[in-house]
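One-based numbering, in listed order, for ligands and for the atoms of each. Below, all heavy atoms of this structure are taken into account, side chains as well, without hydrogens, waters or symmetry copies.
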Amino acid sequence: MKVQNFINGEFKPAISGRLIENRNPSNGQMYGSLPDSDKSDVEEAFLAAEAAFPAWSNTPSEERFKILNAIAEGIDSLREELALAESIDQGKPLWLAKSEMIRASQNFRFFATAAMQFSSESHASENTSINYTLRSPIGVVGCISPWNLPLYLFTWKVAPALAAGNCVVAKPSEFTPVTASMLANICIAAKLPSGVLNIVQGLGSSAGEAIVSHPKIKAISFTGGTDTGKNIASIAAPMFKKISLELGGKNPTIIFADSDLEKAIKTTVKSSFMNQGEICLCGSRVFVERPVYERVKQSLLEAVNAMKVGDPLHENTQVGAIVSKQHFDKVLAHIALAKKEGATVLCGGESVEPEGFALGWYIKPTILEGLPPNCRTNKEEIFGPVISIAPFDTEDEVLAMANNTEYGLAATLWTENLSRAHKMAQQLETGIVWINCWLLRDLRTPFGGVKSSGLGREGGWEAMRFFTEAKNVCVAL
Ligand code: NDP
């Protein structure tokens, strides 16, 4: 499949004509290509977006609602094709890709209604003045998304940016370019005016950085790794751009003895290994209260050993392929490091070659035990099917262990003790705390991390506020 850029409503190659090969993670084979775009393609996309901005920003919100809603419907009607493309491109199980396509259309549907309902505040000061806030679209904004949940995260950024009246230059990951390109066709069918959404494909180091450093692209919404986020911040900060950074995580899962253990164990299998552990919200450090430690460990092992690793398109597959050779090598290097740091590998710990897919990039779901809290394995994000497990004795001890990382994205807490749950939710240094659940999302809630997991929040009004500029108008009475 030959993916192209989508600029000013047209599909086109990179101006340089250069291509990047695209490989299928399930079998390691090259099966397509994408444009290796650079600064000149980004400039062309920017000019298209800039030209489209006056009309789009003045389009009545009801009209924007209709178009964004039509895009949501377009995604729904192409759900099977999109899911298949995503599974082949990314390596995730097809059943999971299908559920992610539901979320991709929800993103558009949700922000379509936000376009209609977004309002700003007014403040009356007794007898002296009335202030009101004007919220205007920013102009041309940049959206850069990663490879783990490709269309799901691409739409999570693009939909609110468009709903708020901006025009967009967006870049999906070089590893997963296909579904964003399919979305372009859906946007044409939904009558999104040309130039409102422009998709520039290519490498982060060239196309991505060109978006970030473009002097007239005034806001950047980025989801990806913490190091990339630091680099983006260092470029954008001196230019006083608005930035929203959704970065990495090293999320704790905490299981108390009083929890509904059956549910906690079942969900922990998912929260650890869904999408091959390539979800920023996956729990990668599992802490279990000592009286139930052995029981939880054995149940996890039983469940994880039974997980089927293999062909992403097979309906029984639970763990698909790792997205790229580069990432596959990185995850295996982390497992090797863990062993050096003293880990006992309770299960997995190696790559696997499913029958018929010998050249694909598969890693068995891995559980590590016996690691010291301060080792690199317990501190660095692996972003693969690898977790460590450890016992704890007291609330204070587990809280200290959970917070002992530079990351602060999400935490999952299992307990039936109401006051402990609320108390710990306050003390956990993360942007999100799930109590007795995982990945239960309400799109109105603020989404994002603290510490090195990011800057700013997306979701609901937070996203609409990020993608608008506020102006205070003060009228004397
Ligand atoms: P990267 O940071 O490598 O890449 C993310 C995106 O940024 C890609 O489109 C990438 O392009 C692009 N990019 C890379 N370098 C630059 C640059 N210098 N300037 C501008 N853009 C650049 O992350 P991954 O794709 O590897 O995604 C995995 C990471 O994303 C994990 O750390 C994960 O935790 C995080 N993540 C965070 C989430 C959150 O909500 N907090 C959600 C999902 C993932 P290219 O593909 O060419 O490298």
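When only non-hydrogen protein atoms are considered, atom 41 (N) of ligand 1 lies nearest to L247 O, 2.6 Å. Ranking protein heavy atoms by distance to atom 7 (O) of ligand 1, first place goes to F222 CE1, 3.1 Å. Distance from atom 31 (C) of ligand 1 to its nearest protein heavy atom, with residue and atom name: E381 OE1, 3.5 Å. In this structure, atom 22 (C) of ligand 1 lies nearest to the protein heavy atom G204 CA, 3.4 Å.
Residue contacts with ligand 1 for P172 involve N, CA, C or O but no side-chain atom from C-beta outward (heavy atoms, distance under 4.0 Å). Residue contacts with ligand 1, taken as heavy atom pairs separated by less than 4.0 Å, involve N148 solely via side-chain atoms from C-beta onward. At a 4.0 Å heavy-atom cut-off, ligand 1 does not touch E278 at all. Of all the heavy atoms of L281, none lies under 4.0 Å from any atom of ligand 1, so neither backbone nor side chain is involved. Proximity of D227 to ligand 1, defined as any heavy-atom pair under 4.0 Å, is not found for any part of the residue.
When the heavy-atom distances from atom 35 (C) of ligand 1 to G224, G202, C280 are ranked, the shortest goes to G224. Remark: among candidates H327, E174, K171, E209, the nearest residue to atom 11 (O) of ligand 1 is K171, based on non-hydrogen atoms.
Residues R441 and T445 bring a donor and an acceptor atom of their side chains to less than 3.5 Å of each other. Using modelled atom types and a 3.5 Å distance limit, the side chains of Y31 and D89 yield a donor-acceptor pair.
A salt bridge is defined here as a Lys NZ or Arg NE, NH1 or NH2 lying under 4.0 Å from an Asp or Glu carboxylate O, and E406 with K250 fails to meet this definition. A salt bridge between E86 and K92 is absent, with no side-chain N of the basic residue lying under 4.0 Å from a carboxylate O of the acidic one. In this structure, E100 does not pair ionically with K98, as no charged nitrogen and carboxylate oxygen lie closer than 4.0 Å. Between D76 and R109 there is a salt bridge, since at least one side-chain N of the basic residue sits less than 4.0 Å from a carboxylate O of the acidic one.
The shortest heavy-atom distance from S145 to ligand 1 is under 4.0 Å.
Considering backbone and side-chain atoms alike, F447 places every N or O at 3.5 Å or more from each N or O of ligand 1. Between G225 and ligand 1, at least one N/O pair is under 3.5 Å apart. Considering backbone and side-chain atoms together, N231 places an N or O closer than 3.5 Å to an N or O of ligand 1. Taking distance alone, with nitrogen or oxygen atoms compared against 3.5 Å, S453 stays at or beyond that limit from ligand 1. Any N or O atom pair closer than 3.5 Å counts here, and V212 shares no such pair with ligand 1.
Here E462 pairs with nothing under the salt bridge (charged side-chain N to carboxylate O under 4.0 Å, His left out) rule; sequence neighbours left out. Residues forming a salt bridge (charged side-chain N to carboxylate O under 4.0 Å, His left out) with E369 (at least two apart in sequence, or on another chain): K297.
L183 places none of its side-chain heavy atoms less than 4.5 Å from the side chain of F6. H334 has its side chain out of reach of V386: every pair of non-hydrogen atoms, C-beta onward, lies at least 4.5 Å apart. Between L153 and E246 the shortest side-chain heavy-atom distance does not fall below 4.5 Å.
Atom numbering of ligand 1 starts at 1 in the shown order; those under 4.0 Å from a heavy atom of L203 are 47 (O). Applying the 4.0 Å criterion to heavy atoms of L409 picks out, from ligand 1, the atoms 41 (N).
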Show your reasoning for whether side chain to side chain donor-acceptor pair (under 3.5 Å) applies to Q4 and E10. CA-CA 9 Å; Q4 297 208 298; E10 288 174 16; over 6 Å; no
